[in-house]
Student: 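My questions will all concern the structure given below.
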Amino acid sequence: MSEVKVKKETNLSDPVEVENRIKELCQQFPHGITDQVIQNDLPHLEPQQRAMALNKLLSLGQLDLLRNSSGLLYRMKDSQSTGKMKGSDNQEKLVYQVIEDAGSKGIWSRDIRFKSNLPLTEVNKILKNLESKKLIKAVKSVAASKKKVYMLYNLQPDRSVTGGAWYSDQDFESEFVEVLNQQCFKFLQSKAEAARESKQSPMVQRNSSFATSHEVWKFICELGISKVDLSMDDIETILNTLIYDGKVEMTVIAAKEGTVGSVDGQMKLYRGVNPVIQPTGLVKTPCGLCPVFDDCQEGGEISPSNCVYMTEWLDF
Amino acid sequence: MTAQEVRLCGLLLREHYGEVVEKVGTHLLRSGAQNLRTIVHETGMPLDLVKKCLCVLVQHGACVFSLGRKGPGSPTEYQTSCSQILTILRYPRYIYTAKTLYGDTGELIVEELLQRGHMTMSSTVKTVADRLTQNMEDGRSMDYSEVSSSFSKLVETHFLQRCPPLPGAGTTDSTTPAAPSFSDCYKVPHVTLCGRGKRQLSSEDGEDQRNAKKAKLDSDTHGDEGIYWQVNFERFHLHFRDQAIISAVANKLDQTSSEIVRTMLRMSEVTTSPIATCTKPLSANEIFRSLPSNYNIARPILDQYLTLLVDDPMEFVGKAGESGGGMYVVNLHRALANLARATLESVVQERFGSRSARIFRLLLRKRHLEQKQVEDFAMIPAKEAKDMLYTLLSQNLAQLQEIPKTPDYAPSRTFYLYTVNQLPTARMLLQNCFKTVANLIDRRLFEAKENKRLLEKSQRIEAILASLQASGAEPEQLTEVEEMITAPEKQQLEGLRLHINKLDSAENQVDETIFLLESYINSTISVY
């Protein structure tokens, strides 16, 4: 006997049946279904009944309502997260959803208030509640130290919030930056020294005194002075500070795609340089460094004749 | 003519020519061109004194006179220029340069000319020969011809020039020829000078003095009457500028590169005009031929060095073409701008620390930056960066540019960008330099005045000692006289001498900064 496919006739008048059918459709299309899909599947369903079923599912927390460019989408919610929200009321769920949407950047409490249209006291109460349930956490932003952003508990805060490799616990690690600065400079300087001692033709000397950013990055990684992994971009920011110190110069050369360290067909080369002039004559006198230079007048309180700095300098 | 410049000129005039000249000079500086009557009236000094002061100033080139502005027939007007008087600061440097280039003879020639202002060739030669003979051993004396040849060499390389001919009284030609651009400027006159330097014997002091005075009034014609010579400051300045560029190249690259640049500059010494942006193009072949013989580098190596110089970010040397193995020029204005920028950075570094210097260089490079961007680029914690930026702002080394987002300049909706402008900052630092030098001179005079009594005493003792020695006194008398100065006084004198030397050398050091900044500022003024 051939199996007779029996299609279970969906009893359209039973709301539970409608809901189950919608849930099955959602499971079929994990990315979400639109109204159109439901209508195609259940052509005899009246829009009212459909709406009722959808609302019921939404309020039960089994469906997610999303909006995309073409209209509304309904998506199956994870059973796990459905479990989490048991015992929370709608407002909390709303706030939670808002925070979840913010992703790893986190969201400020005032923005939560705007998005959920809830009064401030309510929002605060809900946030405290959620924090105690360990569903969200507060992360201090590095840009404004008083501002706290909220994000889901298990998410890693984004770089812009924590500041990246240079910040540890919201504090700018200036000694770390200084140490890296010194190390990079020493590396480049010793390379330049070696090139100069080699006494080859000047072109070769100059080319061998260059180091690519990739080489510097490898050197720093091998030195192991950093607890955090540093990317090549981080090293380049450090090398830029050396350029602003006037100790290093940079050129860009075209490199084949695929040579190690090249980005978009270019490579940055760095080289230690000597300063162009000695400290200038003006700063060898006390007047060049005097903090009250503008107040100094012959015959006044502060004058060259009774200048303390000059007296000290002359007796040096 | 800023207040600081006038103050400094006043101090220099007072030190070199006396208080009376200072009074007239500063008055003229402050009030521009004036005729004799007005000067007499406004300074309240007697007419003959004013006349003498003006003579001194004109003799040294600090003051020029021209026909009155109201047309022919109006009295001549006198005008002083700050820049000419400020070159007095640089006299030691000029003399030292002449010494390194042309030896003792050159040094003395330049010294004499600087002291006297304008002199004929013959009198210069005679005086210098006498001075040189003074320092030689007994029996030897300096020949005039040697001194004349040194003089001619100085003129050939344009370090000395003829004074421009003065307009005759009452001529309708109201334009005085512009200083050194007339045709006979560097022509050495045919001078009949033969003889040797005369040694001044110390035993005939009084007599010699009278003789010397008589010699000056003697009309010893040598064929160059009326042709007066003066020191060509412009040429010395060009030389200093070349020195600065060469030493910068030596610091940045290496000795060989600086030698190459030195050769290039030497070859274009007389072909480049003082205001040129860069030297005339020189081909690599020419450079190769003109390199000093002890630098035997191969031709391809020279090409490599030249390429490296061209590629250097400081842009000292540029390539102007491919003919003759490559045509190269020295970028004078750009080199001066780079040197001025390095000066500014060094001042900020010494005054405020290396992190402020980092911010300063960052702003120079990136022109306009917000505060947040400064913190990010310079990798300095926010609080410290803010503090340093505000300090730079308050010292006027950085400026703030507001860019509003809304028509009402509401602070929360405006961008505030920090920026550094090189030229105005250089001008400001130049004024600071003038004030510094004036302060140093003030302090030096103050120190001397404080210890005037002591100085006078020591001078008297020295005079007594000298006369005793000359008249052949016994050693005991000498020691007795020496003991008139007590030990602590000797120490005080020693300390005083150290102080004054230190202040003097500091003046020269600040003058180097003044020279760099002034050259840079003058190079940015376009002359059309």
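Residue numbers start from 1 in every chain, and the chains themselves are labelled A, B, ... in the order their sequence lines are given, proteins ahead of strands.
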Student: Looking only at atom types and distance, does a side-chain atom of Thr241(A) sit under 3.5 Å from a main-chain N or O of Met379(B), one as donor and one as acceptor?
Tutor: no

Student: Would one find more than 12 heavy atoms of other residues, nucleotides or ligands at under 6.0 Å from atom CZ of Arg299(B)?
Tutor: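 Atom CZ in Arg299(B) is crowded, with more than 12 foreign heavy atoms closer than 6.0 Å.
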
Student: Going by an N to O cut-off under 4.0 Å, is there a salt bridge joining Glu512(B) and Lys284(A)?
Tutor: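 Here Glu512(B) does not pair with Lys284(A) in a salt bridge, since their nearest N and O are not under 4.0 Å apart.
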
Student: In Å, rounded to the nearest 0.5 Å, how long is the span from CH2 of Trp313(A) to CZ of Arg443(B)?
Tutor: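 Between atom CH2 of Trp313(A) and atom CZ of Arg443(B) there are 9.5 Å.
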
Student: Tell me whether Glu15(B) at atom CD has more than 12 heavy atoms from other residues, nucleotides or ligands lying less than 6.0 Å away.
Tutor: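 Enclosed.
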
Student: Of the backbone (N, CA, C, O) and the side chain (C-beta and beyond), which part of Arg444(B) lies under 4.5 Å from a heavy atom of chain A, both, or neither?
Tutor: neither

Student: Looking at Arg365(B) and Glu249(A), is any side-chain nitrogen of the basic one under 4.0 Å from a carboxylate oxygen of the acidic one?
Tutor: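 Salt bridge between Glu249(A) and Arg365(B), a charged N being under 4.0 Å from a carboxylate O: no.
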
Student: Kindly compute the distance separating CG (Asn432(B)) from SG (Cys290(A)), expressed to the nearest 0.5 Å.
Tutor: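 The CG atom of Asn432(B) sits 10.5 Å away from the SG atom of Cys290(A).
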
Student: Just give me the residue among Leu308(B), Thr307(B), Thr343(B) that pairs up with chain A most often, heavy atom to heavy atom, under 4.5 Å.
Tutor: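 Of the candidates given, the most pairs with chain A belong to Leu308(B).
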
Student: I'd like to know which of Val510(B), Ile441(B), Asn439(B) tops the heavy-atom pair count under 4.5 Å against chain A.
Tutor: Asn439(B)

Student: For Glu447(B), is it the side chain, the backbone, both or neither that has a heavy atom under 4.5 Å from a heavy atom of chain A?
Tutor: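 For Glu447(B), the side chain is the part near chain A, not the backbone.
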
Student: Give, as side chain, backbone, both or neither, the part of Ala378(B) having an atom under 4.5 angstrom from any heavy atom of chain A.
Tutor: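 For Ala378(B), the contact with chain A is made by the backbone alone.
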
Student: Pick from Ile277(A), Val273(A), Asp245(A), Val283(A): which one has the most heavy-atom pairs with chain B under 4.5 Å?
Tutor: Asp245(A)

Student: When only pairs under 4.5 Å are counted, which of Glu507(B), Met314(B), Lys435(B) shares the most heavy-atom pairs with chain A?
Tutor: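 Looking at each of Glu507(B), Met314(B), Lys435(B) in turn, Lys435(B) comes out on top.
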
Student: Which one wins on heavy-atom pair count under 4.5 Å against chain A: Lys502(B), Lys449(B), Glu345(B)?
Tutor: Lys502(B)

Student: How close do Pro304(A) and Arg7(B) get, counting heavy atoms only, and between which atoms?
Tutor: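 The pair with the smallest heavy-atom distance is CG-NH2, 4.2 Å.
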
Student: Please report the interatomic distance OG1(Thr285(A)) to CG(Leu440(B)), rounded to the nearest 0.5 Å.
Tutor: 6.0 Å

Student: Stepwise, does the side chain to side chain contact (heavy atoms under 4.5 Å, CB included) test hold for Ile243(A) with Arg361(B)?
Tutor: CA-CA 9 Å; Ile243(A) 297 180; Arg361(B) 283 196 195 96; over 6 Å; no

Student: Check whether Ser209(A) gets within reach of chain B through its side chain, its backbone, both or neither, counting any heavy atom under 4.5 Å.
Tutor: neither

Student: Evaluate Lys252(B) against Asn274(A) for side chain to side chain contact (heavy atoms under 4.5 Å, CB included), listing each step before the verdict.
Tutor: CA-CA 5 Å; Lys252(B) 182 95 196 292; Asn274(A) 299 323; 5.8 Å; no

Student: Report the residues that fulfil side-chain hydrogen bond (donor to acceptor under 3.5 Å, both in side chains) with Ser303(A), sequence neighbours left out, ordered by chain and then residue number.
Tutor: Asn306(A)

Student: Check each atom of Asn181(A) against the heavy atoms of chain B and say whether the ones under 4.5 Å are side chain, backbone, both or neither.
Tutor: side chain

Student: Is it the case that Thr280(A) and Ser346(B) place a side-chain donor and acceptor less than 3.5 Å from each other?
Tutor: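 Side-chain D/A pair, Thr280(A) to Ser346(B): absent.
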
Student: Is Arg358(B) reaching over with its side chain to a backbone N or O of Tyr244(A), donor-acceptor style, under 3.5 angstrom?
Tutor: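 No.
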
Student: Between Val249(B), Asn251(B), Ile514(B), which residue shows the highest count of heavy-atom pairs closer than 4.5 Å to chain A?
Tutor: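 The residue among Val249(B), Asn251(B), Ile514(B) with the greatest pair count is Asn251(B).
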
Student: Tell me, for Pro275(A) versus chain B, whether the close heavy atoms (under 4.5 Å) come from the side chain, the backbone, both or neither.
Tutor: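 Only the backbone of Pro275(A) comes within 4.5 Å of chain B.
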
